[in-house]
Undergrad: 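Please see the structure below; I have some questions.
The first residue in the sequence is number 1, and the count goes up from there. This one's a predicted model, so the numbers in the text were calculated from it and none came from an experiment.
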Amino acid sequence: MSKSSPVHPVFTDPERVSRYAEGPGRAIPGFATLHRMVVQLLAERVGSRARLLVLGAGGGMELLAFSQAQPGWMFVGVDPSRPMLDQARRTLGELAERVELMEGFLPDAPPGPFDAATCLLTLHFLPDDGHKLEALRSIRQRLVPGGPFAIVDHCIDLTAPDADQKWERFMRFAGSDPERGEEMKAAIRSSFHPVSPAREEALLTEAGFTVAELFFAGLSWRGWIAYA
């Protein structure tokens, strides 16, 4: 999403990309119904005809769920990984005709305005050194006034005494190999930049969003619906 953030190898290796769809269901409690909740919350504001900006769209899982649920929605999907966008096209099949897929980062996205936007399982790849806030502000600038924004993120307060325990819970739920536990935890912690739920809400407010309502919580995953 930020041009200064490198694309993680898991999103560029063809073999890993081909297996990407297996991962979120293992790592995120309640993932099977997450997309349905997002569709319902967005549709409350935008109705049955809308143009949506989908960030981190590679793989195509949310695009498939959204387009199947709402035949009148059109999409612009942005992702920096060409292999993941190729996977999205395969996932979408004929539904790809309603989706414009763009290789790039958030600044490369069209200015809009869009009726709604989503950023699912993505923002935790950006460090909280101004990049998260910059991304959220850029999303808000591309929305119509009052447009809904759904975000689902990995949230851990890294300064809290229970931070290690929360990492362990996340890894254990995802089915990590215990013999490679420390190695995998180190790899994930080097590429994930989570913040506490309170900090995420503060970032949404600072970016100009209003009414950041928590709609999803599963272990260290959190999801909010907010409005431009």
Side-chain angles (χ1 to χ4, degrees), residues 1-2 4-5 8 23-24 26-42 44-45 52-56 62 105-107 114 116-143 145-174 176 184-228:
M1 284 175 51
S2 167
S4 62
S5 300
H8 193 277
R26 289 199 312 265
I28 303 167
F31 182 73
T33 57
L34 179 58
H35 292 151
R36 286 178 54 202
M37 287 189 281
V38 171
V39 168
Q40 179 175 322
L41 292 169
L42 298 181
E44 288 177 357
R45 285 291 180 103
L52 277 70
L53 175 63
V54 177
L55 300 163
E62 63 259 57
F105 295 88
L106 179 53
F114 292 90
T118 66
C119 182
L120 308 184
L121 322 183
T122 300
L123 194 70
H124 52 259
F125 289 109
L126 295 183
D128 188 22
D129 58 0
H131 285 88
K132 288 183 190 291
L133 180 59
E134 178 188 7
L136 292 172
R137 281 176 171 163
S138 295
I139 294 167
R140 184 185 175 278
Q141 290 166 1
R142 286 168 165 78
L143 287 171
F149 169 53
I151 179 170
V152 178
D153 205 12
H154 188 60
C155 290
I156 294 177
D157 182 353
L158 299 181
T159 66
D162 63 350
D164 282 342
Q165 181 184 52
K166 289 185 176 178
W167 277 114
E168 292 290 347
R169 285 175 179 168
F170 163 61
M171 300 291 293
R172 197 158 53 245
F173 188 86
S176 299
M184 294 182 68
K185 184 164 68 173
I188 289 175
R189 292 182 79 157
S190 69
S191 58
F192 277 28
H193 304 282
V195 295
S196 70
R199 173 60 178 159
E200 190 110 332
E201 290 184 359
L203 285 166
L204 286 165
T205 300
E206 191 173 349
F209 288 99
T210 61
V211 194
E213 176 187 351
L214 185 72
F215 75 88
F216 176 81
L219 295 181
S220 51
W221 296 93
R222 296 291 185 274
W224 289 268
I225 184 78
Y227 305 94

Undergrad: Passes side chain to side chain contact (heavy atoms under 4.5 Å, CB included), L120 versus V54? Steps please.
TA: CA-CA 8 Å; L120 308 184; V54 177; over 6 Å; no
Undergrad: Return the CG to CG distance between D164 and L158, rounded to the nearest 0.5 Å.
TA: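 If I round to the nearest 0.5 Å, the distance is 9.5 Å.
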Undergrad: Between F173 and P29, which heavy-atom pair has the shortest distance, and what is it?
TA: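 Minimum heavy-atom separation between F173 and P29: CE2-N, 3.6 Å.
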Undergrad: Is a side-chain N or O of W167 found less than 3.5 angstrom from the main chain of I156, in a donor-acceptor match?
TA: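 No.
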Undergrad: Of the non-hydrogen atoms in L121 and W221, which two are nearest, and what is the gap between them?
TA: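 The pair with the smallest heavy-atom distance is CD2-CZ3, 3.8 Å.
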Undergrad: Under 4.5 Å between any side-chain heavy atoms of L136 and L123, yes or no?
TA: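 When only atoms from C-beta onward are counted, L123 and L136 do touch, with a gap below 4.5 Å.
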Undergrad: Of the options E200, E201, E213, which is the one that meets W224 in a side chain to side chain donor-acceptor pair (under 3.5 Å)?
TA: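 Going through E200, E201, E213 one by one, the side chain to side chain donor-acceptor pair (under 3.5 Å) with W224 is satisfied by E201 alone.
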Undergrad: Would you give the length of the straight line joining atom SG of C155 to atom CG of L214, rounded to the nearest 0.5 angstrom?
TA: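 Answer rounded to 0.5 Å: 9.0 Å.
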Undergrad: Is it true that a side-chain atom of K132 and a backbone atom of H193 form a donor plus acceptor pair closer than 3.5 Å?
TA: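 The answer is yes, because a donor-acceptor pair under 3.5 Å joins these two groups.
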Undergrad: Atom CG in D153, atom CZ in F125: separation rounded to 0.5 Å?
TA: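 So the CG of D153 and the CZ of F125 are separated by 9.5 Å.
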Undergrad: Taking T205 for the side chain and L203 for the main chain, is one N or O donor matched with an acceptor at less than 3.5 Å?
TA: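 Flag not set: sc T205 to bb L203 has no pair under 3.5 Å.
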Undergrad: Please tell me if the side chains of F216 and L41 come closer than 4.5 Å, counting only heavy atoms from C-beta onward.
TA: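 Sidechains of L41 and F216: no contact.
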Undergrad: Which heavy-atom pair separates F149 from T118 by the least distance, and what is that distance?
TA: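 Of all heavy-atom pairs spanning F149 and T118, the closest is CE1-C, 4.0 Å.
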Undergrad: Are K166 and D162 ion-paired here, with the side-chain N under 4.0 Å from a carboxylate O?
TA: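 Judged by the 4.0 Å cut-off on N to carboxylate O distance, K166 and D162 do form a salt bridge.
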Undergrad: Mind checking the CD-CD spacing from E44 to Q40? Nearest 0.5 Å is all I need.
TA: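 If I round to the nearest 0.5 Å, the distance is 6.0 Å.
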Undergrad: For S138, is there any backbone N or O sitting under 3.5 Å from a side-chain donor or acceptor partner on R142?
TA: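 Pair found, side chain donor or acceptor close to backbone of S138.
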Undergrad: Got a donor-acceptor contact below 3.5 angstrom from the S196 side chain to the R199 backbone?
TA: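 Yes; judged by distance alone, with no hydrogens or angles, the pair exists.
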Undergrad: If you take all heavy atoms of A117 and L143, which pair is closest and at what distance?
TA: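 Minimum heavy-atom contact is N-CD2, 3.7 Å.
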Undergrad: To the nearest 0.5 Å, how far apart are NE2 in H154 and CZ in F170?
TA: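 Here the rounded value is 4.5 Å.
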Undergrad: Distance-only, no hydrogens or angles: does the T33 side chain make a donor-acceptor pair with backbone N or O of G30 under 3.5 Å?
TA: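 A pair under 3.5 Å: yes.
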Undergrad: What do you reckon, are the aromatic ring centroids of Y227 and F209 less than 6.0 Å apart?
TA: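 No, the ring of Y227 stays outside the 6.0 Å limit from the ring of F209, centre to centre.
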Undergrad: Do the side chain of R140 and the main chain of G208 share a donor and acceptor less than 3.5 angstrom apart?
TA: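 Pair found, side chain donor or acceptor close to backbone of G208.
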Undergrad: Which heavy atom of L52 sits nearest a heavy atom of F114, and at what distance?
TA: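 Answer, listing the atom of L52 first, then F114: C-CD2, 3.7 Å.
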Undergrad: Roughly how far, to the nearest 0.5 Å, is the CD1 atom of I151 from the CZ atom of F215?
TA: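 Here the rounded value is 9.5 Å.
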